[in-house]
Each structure stands twice: as C-alpha cells, then as structure tokens.
Amino acid sequence: MKKINFIIVITALLLAGCGDKDVFLYPSFTESGTAFVYHEGEFAESADIDVREIQDAIRDLETDGEITDVMVEGIFLDVALNATPEQPANTAAGVVSTIYITGWDNTEYILVENLEINLNAATQSVNLNQHLKKPGVDQLRSILKAIAYNSVPQGKNQIGIRIEGNTIPNSTFINAKMDVRIKVVIEYKDEVKGL
Amino acid sequence: MQKIKIVSLFCLFGWFVSFSSNAQNVEELVSKYTSENGQKYMQPFADAFSANLNSGLFHNAGINKLGFQIYLGIETQLAVIPSSQKFMTATTEGDYFPSTRVENVPTVFGPSEGKRIEDPNTGLVYVFPGGLDINYVPMITPQLTVGSVYGTDLTIRFAGTKKIEDVGDISLFGWGLRHSIDQYLPLPFSSAIGFYNQRFKFGDYLDASSSIISLQGSFSIQVITLYGGLGYEMGSMKISYEYENLENGQTEEIRFDLTPGNTIRLTTGFGFNLGPVNLHAEYNLAKQSTISAGLGIGFGYK
C-alpha cells in the first residue's frame, strides 16, 4: 500500500473557487497468499488470502467516499527457494504450475495454466500478466468487489487460491515459498467541498 | 492515512482568504503519478497560474516624466482552460500492467473520472487518475503602482497569510518597473517598456515565479483609454509533496519542476476613467489565454 501527502492538486481546485466537486480516487494496495511447497514431483498447495486482510487493507486507505469499483491491476508470483529449511533442499531445476481461484460457489477458475518457471535464482518475481486467464481474473475481481461492498457470503473468510504443479525434471524435490501477489485498485467517489 | 484539509484560498484584502472546509481526502488523486506523467498532469496548472500572474499588470502606458502618480486597485484574472489543456498522452507506470501508451488521459483540469485501460485478454485494468473538471482558474490580486521618477514607475503586488494548518505560509510578492518611451520619441500615443517579476509560495508544496517583459501602449480619448502590449513571459514552478510507502514506511519527496508554456503574449484592453476611479478590462492572447479586469483609484495618470 502506499500513501501520499498531496495537497498541491487541491490548489487548482481552490483557486477555481466555488462549488462542490465530485472526484474519483484510485488508491491501491497489494495483498498476497502464500504457499510453502516441499514435495517430490507433483504437488498441490493452498495460497489462500484472508478476507479480513483485504478488508483491513481497504480500511487502511481511510477514504471517506463511496466505493464504486474494484479492479485488479496485476498479479505476480514471487518464488523463494529453500524457504523451509527443515525440509530437504530444492533440487528441482524448474516447475510447471497452474494456479486456480475458487469462487464463492466453490467452482475453480484457472488464473494461470501450465506456467513454466526456471528455479535458478534464490528469489524471483514472475509477472503473470502475459499468462493470466480472463475468467480467473474476472472471478478474482468479483470476489474482491464482494469484499469491498461487504457482501461476502456467510461463512466465507478466505479467497481460495490453489497452486498445483510438477517439478522439472520429474520426481525432483521442490522446496519453495510461492506468494501470489495481487495489486488491487479501488475506485472511490468523493466530494470535495468548495467555497 | 493522514487527512488533508482543503484550504480554500481567495481574496484577503483583494487576494487570498483562507479558510478550511470539510476535511477531505484527495491524497490518492495522483498517487500513480511520480514521473513524466506527473509533469504532464500538472503542466496545465503551471500554464494557467503563470498566465494569471502575468495578467492585469498595467492598464495605461502613460507615465509622467516627473511628478506624483499613484494607482491602487484590485486586479482579477481568469484563465479559461481550453480542452487541449484537459487531456494528455500518458504511459502506464509500474510493473504490474503491460506498458501501454494512452491518449486522452485527464490532466489536473480534465474530467474527474479516471481513464481506464482494460486488457481484453487478461481482464487486468489500469486506471489513470482523473482531474478536477475545472474550466476556469480565477485569481485576485491587490496592486499598487507609484511614480514617477524620470518617467519610471514601480508596481507592487503583495499578499500573504499566516501559517495555515497542513499547508504553511502562503505568500505572493511581485514587483515591476516601467519606463516611458514616449518621453524620447514623438509618438501619437503613450508607450512604455516594463519588466515584472512575481513569486508565489504555497507552504512547502509550491514555489512559483514568473517574469514578463512587455512593450506597452495606450491612447486616451476623454474618459476612455485603449491599451495593449506585447510581452515575453518566463517562469518556473516547483511542486513537491511527500509520498509514503506504507509497506516499508519510507517517505520520499516527489518533485516536479515545471516550466510554464507561455512565451509570447498579446494584450488588448480598454479602461474607463471616471475621476479618480478606473475600471478596465483586457484580453491576453497566449498559449494559455486570460481575461482580466480591474477596479482602482488613481491620481496623476493620463
């Protein structure tokens, strides 16, 4: 999340003087779901994000206006090798992963399919924007909107994200922390009081 | 997130009055703008502000060679924002969204709704912030002109406020010197050459300076004065604000150094002299054109 002390833009408004103005604000924040993957060969792990974390992030923005939309600007996959030291060290040269998001109705939507990543760096961030599937992103946006509008179905307290995949070469051991990092943009409509 | 009080500024002794209205949070309005896009976003503000500062500086070119002359008045300026100043071409910033160059993105004066770019293949959305949907930028300044020493007079603009919460001091100081030309040349009208310099400070957020050299002429028929001028403008505007990343808690200063785009200015105006009372209006043709009108009391001017 970021914040800004910005007042100068207001000057223009002030000098323009009179009348109330509606302004649209677009604060943003990032949240991530984490999966610790230590498997030989095939794996499937959850990288859920708490609904409460999203709610807190929106609350931290402290914008007074009315939320009018929620958008997803981008998604990264951050990979850190050997993040679980009590497990064997990573021997996989790469990994092929598919990332799913679970809708409120428990239907799974593919966010990314068969993404191949070389595990040749201790840490790396993979921009998923070339690999994302629109139905999955749309579903994520829909879930985020429900959270922003306080219309989360009863009993749902997680955004379900699942990472499944296989190591390259087959049957090697993967020891990695995988963060699915999402940048969310909130649109607010706010009123600025003039003279 | 810290709230910012909107401080409305207008006429205090003919200039700014400051007062706070409801606390509003507009901090995120340009949160994506930290580089070239920010310069483009704020450039129209620099143009309009500078254009206003350089308007209404004179309404008569007649300066006595020697003798007391004084004029005290209020000048109002209005920059009319053309549609070309409401939009810009911008490029998406940050790592998340694919780099994309986009036309018709709002500037600070543009429509309040942001410009959205949606990737049809992925559903990702990038939003450029909106503007403040402003068509006019007005300004009011008090002005004093005193002469004459060997055909030279001095113009002063000065105004300021005490420290305002969340803003700091606000001040304007301007000065100008004019020298009569028609005292040397037998012209059928009054003429002078002038140089004016003004500086406006808005706390630590804005520091603007503006200068203009102008060749002025005027012709009076009974109570009416027709006047005009050709000017060359220069200026600068520094805008700075703090950007705080809540993820690492670090604050950095974001700074824009803007150069107002106005250069050549053509002024044409007229005034009514009703005894000591002078009422005048002018139009300034420039990249950012302005309308200006003033009312004051003067003695000794032709």
Side-chain angles (χ1 to χ4, degrees), chain A residues 1-18 21-30 60-65 69 71-76 125 127-138 140-141 181-183 185-195, chain B residues 1-4 6-10 21-22 24-32 42 45 48-49 94-98 108-109 112-114 116 119-127 129-130 132-139 166-167 202-203 205-206 239-247 254:
Chain A
M1 280 179 287
K2 58 188 180 181
K3 93 174 192 183
I4 272 175
N5 285 330
F6 188 85
I7 197 165
I8 275 316
V9 170
I10 298 166
T11 311
L13 174 67
L14 308 178
L15 296 174
C18 315
K21 294 267 183 187
D22 284 337
V23 292
F24 287 88
L25 311 174
Y26 300 92
S28 62
F29 61 86
T30 58
D60 284 350
L61 299 173
E62 285 186 21
T63 305
D64 296 332
D69 206 353
M71 291 149 282
V72 179
E73 186 177 309
I75 304 176
F76 269 81
S125 292
N127 192 336
L128 301 181
N129 68 37
Q130 298 297 319
H131 311 281
L132 291 167
K133 303 293 183 189
K134 190 170 188 301
V137 175
D138 287 347
L140 174 60
R141 186 176 175 186
R181 176 162 46 100
I182 300 162
K183 182 167 182 182
V185 179
I186 306 286
E187 180 185 75
Y188 284 88
K189 185 179 179 185
D190 209 348
E191 188 179 60
V192 175
K193 298 282 185 190
L195 289 178
Chain B
M1 189 180 290
Q2 182 190 345
K3 304 252 179 179
I4 284 183
I6 288 189
V7 183
S8 295
L9 306 172
F10 241 142
S21 65
N22 295 339
Q24 297 288 336
N25 189 340
V26 296
E27 294 171 337
E28 290 286 344
L29 188 57
V30 293
S31 63
K32 288 188 176 176
M42 293 304 297
F45 175 69
F49 194 81
D95 300 329
Y96 285 87
F97 197 84
V108 66
F109 295 140
S112 58
E113 199 158 353
R116 294 178 182 210
D119 185 332
N121 299 317
T122 64
L124 297 179
V125 180
Y126 187 93
V127 187
L132 294 167
D133 194 19
I134 287 174
N135 296 316
Y136 308 97
V137 176
M139 183 182 281
D166 290 335
V167 176
F202 189 100
Y205 295 98
L206 184 149
I239 294 173
S240 63
Y241 62 91
E242 288 179 343
Y243 169 96
E244 184 175 342
N245 188 328
L246 289 183
E247 285 173 352
I254 305 297

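Note that the coordinates shown come from a computational prediction; the quantities given were computed from them, not determined experimentally. Below, chain A is the first sequence line, B the second, and so on; all start at residue 1.
For the side chain to side chain contact (heavy atoms under 4.5 Å, CB included) with A:V72, the qualifying choice from B:L124, B:V125, B:T122 is B:L124, the only one to do so.
To the nearest 0.5 Å, atoms NE2 (A:H131) and CG (B:N121) are separated by 13.0 Å.
The backbone N or O of B:S112 sits nowhere less than 3.5 Å from a side-chain atom of A:D22 that would complete a donor-acceptor pair.
For the pair A:E187 and B:V127, the minimum side-chain heavy-atom distance is 4.5 Å or more.
If you tally non-hydrogen atom pairs under 4.5 Å between each of B:G123, B:G94, B:P120 and chain A, the highest count goes to B:G123.
If you measure heavy-atom distances from A:D138 to chain B, the contacts under 4.5 Å come from the side chain alone.
With sequence neighbours excluded, the residues satisfying ring-ring contact (aromatic ring centres under 6.0 Å, His included) with A:F76 are B:Y96. Residues that satisfy the salt bridge (Lys or Arg N to Asp or Glu O under 4.0 Å) test with A:D69, not counting sequence neighbours, are A:R141, A:K145, B:R116.
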